[in-house]
Protein chains: 4
Amino acid sequence: MEETIEQWMQDLLKLDSAGAKMTEKQIKILQSAIEVFAEKGYAASSTNEIAQRAGVAEGTIFRHYKTKKDLLLSIVAPAMTKLIAPFVLRGFNKVLDTQYASYDQLIRSMIENRIEFLKKHKNILKILIQEIPFHPELQESFQRDVLAKVLERLSKLVAQFQAQGTIIELPTATVVRLTVSTIVGYVLVRSFYGERPGAEWDDEREREETIAFIMRGLGVS
Amino acid sequence: MEETIEQWMQDLLKLDSAGAKMTEKQIKILQSAIEVFAEKGYAASSTNEIAQRAGVAEGTIFRHYKTKKDLLLSIVAPAMTKLIAPFVLRGFNKVLDTQYASYDQLIRSMIENRIEFLKKHKNILKILIQEIPFHPELQESFQRDVLAKVLERLSKLVAQFQAQGTIIELPTATVVRLTVSTIVGYVLVRSFYGERPGAEWDDEREREETIAFIMRGLGVS
Amino acid sequence: MEETIEQWMQDLLKLDSAGAKMTEKQIKILQSAIEVFAEKGYAASSTNEIAQRAGVAEGTIFRHYKTKKDLLLSIVAPAMTKLIAPFVLRGFNKVLDTQYASYDQLIRSMIENRIEFLKKHKNILKILIQEIPFHPELQESFQRDVLAKVLERLSKLVAQFQAQGTIIELPTATVVRLTVSTIVGYVLVRSFYGERPGAEWDDEREREETIAFIMRGLGVS
Amino acid sequence: MEETIEQWMQDLLKLDSAGAKMTEKQIKILQSAIEVFAEKGYAASSTNEIAQRAGVAEGTIFRHYKTKKDLLLSIVAPAMTKLIAPFVLRGFNKVLDTQYASYDQLIRSMIENRIEFLKKHKNILKILIQEIPFHPELQESFQRDVLAKVLERLSKLVAQFQAQGTIIELPTATVVRLTVSTIVGYVLVRSFYGERPGAEWDDEREREETIAFIMRGLGVS
DNA sequence: AATGAATGAGACTTCATTCAT
DNA sequence: CATGAATGAAGTCTCATTCAT
């Protein structure tokens, strides 16, 4: 856990809005805030608890973040612009360049790379998903910095495969929707059932069946 | 909107835990609570605002519901046991009995019936989805009263179609997962893009393509 | 002291902005707030101390006054519009009507009536004077509701005496200024020196000399 | 403005309680403190804002002044002992020596010299007046170092004129009171009305009428 | 049943002050 | 000397909940 956030901090450190280095306590505060927000939700989290978990005085939080909401935004906003969109898209340039890859390989790499990512950033993603509905500014930013970018890139990829004649001629948006919702469904169910001890979940098989399902649905024989 | 909740109230009225009739004020309180909870989230909602919107004194809320959490549960718990599971399953008995229906007709009817339902109970569903992660007792109840029931029924249906030889021989849980996640994806995207004025969303076509996608993925030719 | 404020409360009661009756606790809160504000100044007063002196919970203050500043304004604003201007002007209509009074009698009655008033409302006046410089909205209100009204009325009175030929032909504003500053000086010094035990302050004489000074300065022999 | 304070600093520099030279930062701190205290009042001023305006770290303030109150006193106390009393009295020795001056010339010179002074030290005077009521030690010091000295000197002057037979035989304290309150009234009104653009304030005339008023009130024809 | 004034615990936030660097 | 991160006490304010009417 520590390492996970450490690493994510490294990402953020280079990008701190003011460009300033963070003190150790500041990092602790962010870590605790992410934990607590994910656990209880933003509104039900108290700055007091965040401070305690971080081992700092409550006042220290407000030296670094003017308000509690500021603290939320300083976690969520960079997560969107610097973390999620880049990560989702990472590796796709390669695919765009090489003409060889097939659609099922694309999907397979999407899944494989991202599973790890999701586990690592589970808390931040949970916060993101929970809070977006209640903060219009986050909605806007999500729409602009994540959704739009991801969709545009995926659409291009899909168009390329359609040009190759390897996948079906539907509107690219529709192809993307069908693909993504199937994958998301797989990932969600997996994270529920797949990680319980003693659950009957043959991950290898489920994944391959999922990909095969998509390929039957979208591929051109 | 009023009518919607009115109608839902009728459902609840027969089922009030104590079996007692609700006063007009009590109904107003529930209506307002649903509104406010959906708008701001449970933790960020104040009983004061709920009382104001309901046009009652703050004390009145606590005459009917011992605590704020009680108020939440009195909305969400019956919604799960009396509303959602029954509604999702409604109409399936018919399918189970008649041997005629094909899988794509099943899916089509699932979609068509439920779209209206979702619109009507949007607020309650939003509360449900938002709050489940933070209330273990809700999770349990959801698991037991909704998920388990729905899955069991759907599994039987799927098994029936598999016995007919009209859909593919995968674990029923897998078939259900692939079907449901595709449909949920359709419904979500639809509710985002499909209801904006001027959006390019040909609902008829998207729905049919979605069903066709599932059938190619799961059907036996 | 209690009675003083009681009486002032009576004035305010009829005039509560919302027209609502005040509860006993609300009155206690106002009393304590006036005391504490006068003693320590608005900024250095804590709502905690006000609550303690009033014998209420701190939260109770904020049920009646949304913010601490609200509490200040609910004391000071009506004090200006409903108390000070009317009181300063009280009795002048009579003078305006009867042609008999002489300027020195006017001054004498101004002093005699007002001394009591000042003692009674000392605290509120202290707050007023202390806080006006820091609250632009108070400045404006003071200018409009007190200064302008008082000056207009006094100017008319002075003009009347000038028409009678009993006081000197200077701009009325100048006459008012000279008169008022002399009286204010008398009252201030009096309240400093005159009420210390053992002070050499022959109030009767000082007052008469002050009036005589003004009459020599402004009267027409 | 800068120069004003610079100049006042020069006065203070020679007189720093410890006799030590002030660093540039120390001077900046004092300047900012005077500004902020005058603007918002002592209690509502934050050391943080003072530090920011002074361009120093917050800690630096406390290296020079043990507490915030220390900072206030280091402005106000020397202002009283080294600035105000001396200035008010400046030039009076000459009058005491030469037997020629008349009372109206004394008043005129008091006004003319002091107007400039008031403008220059407006902020410090504002702080003084605002804070004296809340700090008993300031009251005492003001009484002892300013009031007593000024009154004593003025009393001697008045006595001298009375001996000359040029002003009326009242208690000297009374003469001083009447004179000073009239002048203060003039100065205050002047600073309100006289410096607004477009105000109808003929300063020359008002001043002369004020002096004439005093002379009629106190002079012996 | 309904009210709404009152409560007090606890929320967020500010701020003077300290101290290691 | 200067810094600024850190502190924790205290401040203002919110809110679920109670209770006399």
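Computation of the quantities below employed the complete heavy-atom set of this structure, encompassing side-chain atoms and omitting hydrogens, waters and symmetry-equivalent molecules. Note on naming: letters A, B, ... go to the chains in the order of the sequence lines (proteins, then strands), and numbering restarts at 1 for each one.
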Requested in this report: Show your working on salt bridge (charged side-chain N to carboxylate O under 4.0 Å, His left out) between R53(A) and E49(A) and close with a plain yes or no.
Outcome: CA-CA 6 Å; R53(A) 285 211 206 173; E49(A) 177 167 3; 2.8 Å; yes
**Report entry** Straight-line distance of L73(A) CG to E131(A) CD, nearest 0.5 Å
**Finding:**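 Reported value, rounded in 0.5 Å steps: 10.0 Å.
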Do [X] side-chain atoms and [Y] backbone N/O form a donor-acceptor pair below 3.5 Å?
| X | Y | answer |
| --- | --- | --- |
| Q139(A) | P133(A) | yes |
| K126(B) | A38(B) | yes |
| E58(B) | A51(B) | no |

Rounded to whole angstroms, how far apart are [atom1] on [X] and [atom2] on [N]?
| X | N | atom1 | atom2 | value |
| --- | --- | --- | --- | --- |
| I29(D) | dC1(F) | CD1 | P | 11 Å |
| L73(B) | dA16(F) | CG | P | 15 Å |
| K68(D) | dG11(F) | NZ | P | 13 Å |
| Y65(D) | dA2(F) | OH | C1' | 15 Å |
| E49(C) | dC13(F) | CD | P | 16 Å |

Report summary line: Given Watson-Crick and G-U pairs under 3.5 Å, DNA chain F in dot-bracket ([ ] crossing, | other strand) is .||||||||||||||||||||
[X] versus [Y]: any side-chain heavy-atom pair under 4.5 Å?
| X | Y | answer |
| --- | --- | --- |
| L71(B) | L30(B) | yes |
| F37(D) | I50(D) | yes |
| Q26(C) | T60(C) | no |

Report task. May I have the step-by-step check of side chain to side chain contact (heavy atoms under 4.5 Å, CB included) for Q130(A) and F134(B), ending in yes or no? Result -> CA-CA 11 Å; Q130(A) 287 291 341; F134(B) 303 124; 3.6 Å; yes
Requested in this report: Could you list where the contact with chain B starts and ends along DNA chain E, reading 5' to 3', using a 4.0 Å heavy-atom cut-off?
Outcome: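 Here the contact window of chain B covers dA1(E) to dG4(E).
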Query raised in the report: Quick one: on DNA chain E, does T47(A) or R63(B) contact a more 5' nucleotide (nearest heavy atom)?
Result: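 It is R63(B), whose closest nucleotide lies nearer the 5' terminus.
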Requested in this report: Test I34(D) against every option in I29(D), I75(D), V76(D) by the side chain to side chain contact (heavy atoms under 4.5 Å, CB included) rule and name the one that passes.
Outcome: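 Among I29(D), I75(D), V76(D), the one meeting side chain to side chain contact (heavy atoms under 4.5 Å, CB included) with I34(D) is I75(D).
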Query raised in the report: K69(D): what forms a salt bridge (Lys or Arg N to Asp or Glu O under 4.0 Å) with it, not counting sequence neighbours?
Result: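 E137(D).
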Query raised in the report: Which of residues 50-62 of chain A sit near DNA chain F, with a heavy atom under 4.0 Å from it?
Result: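 Within residues 50-62 of chain A, the residues near DNA chain F are V56(A), A57(A), G59(A), T60(A).
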Query raised in the report: Y42(B) ring centre to K68(B) NZ or CZ under 6.0 Å, with the angle to the axis within 45°?
Result: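 Relative to the ring axis of Y42(B), which defines the angle, K68(B) lies inside both limits.
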Query raised in the report: What residues in residues 37-46 of chain A put a non-hydrogen atom under 4.0 Å from any atom of DNA chain E?
Result: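 S45(A), S46(A), in order of number.
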Report task. Go through the structure and list residues passing side-chain contact (heavy atoms from CB on, under 4.5 Å) with A77(B), not counting sequence neighbours. Result ->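 Expected list: none.
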Query - Toward the 5' end of DNA chain F, by each residue's nearest nucleotide, T67(C) or H64(D) - result: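 The answer here is H64(D).
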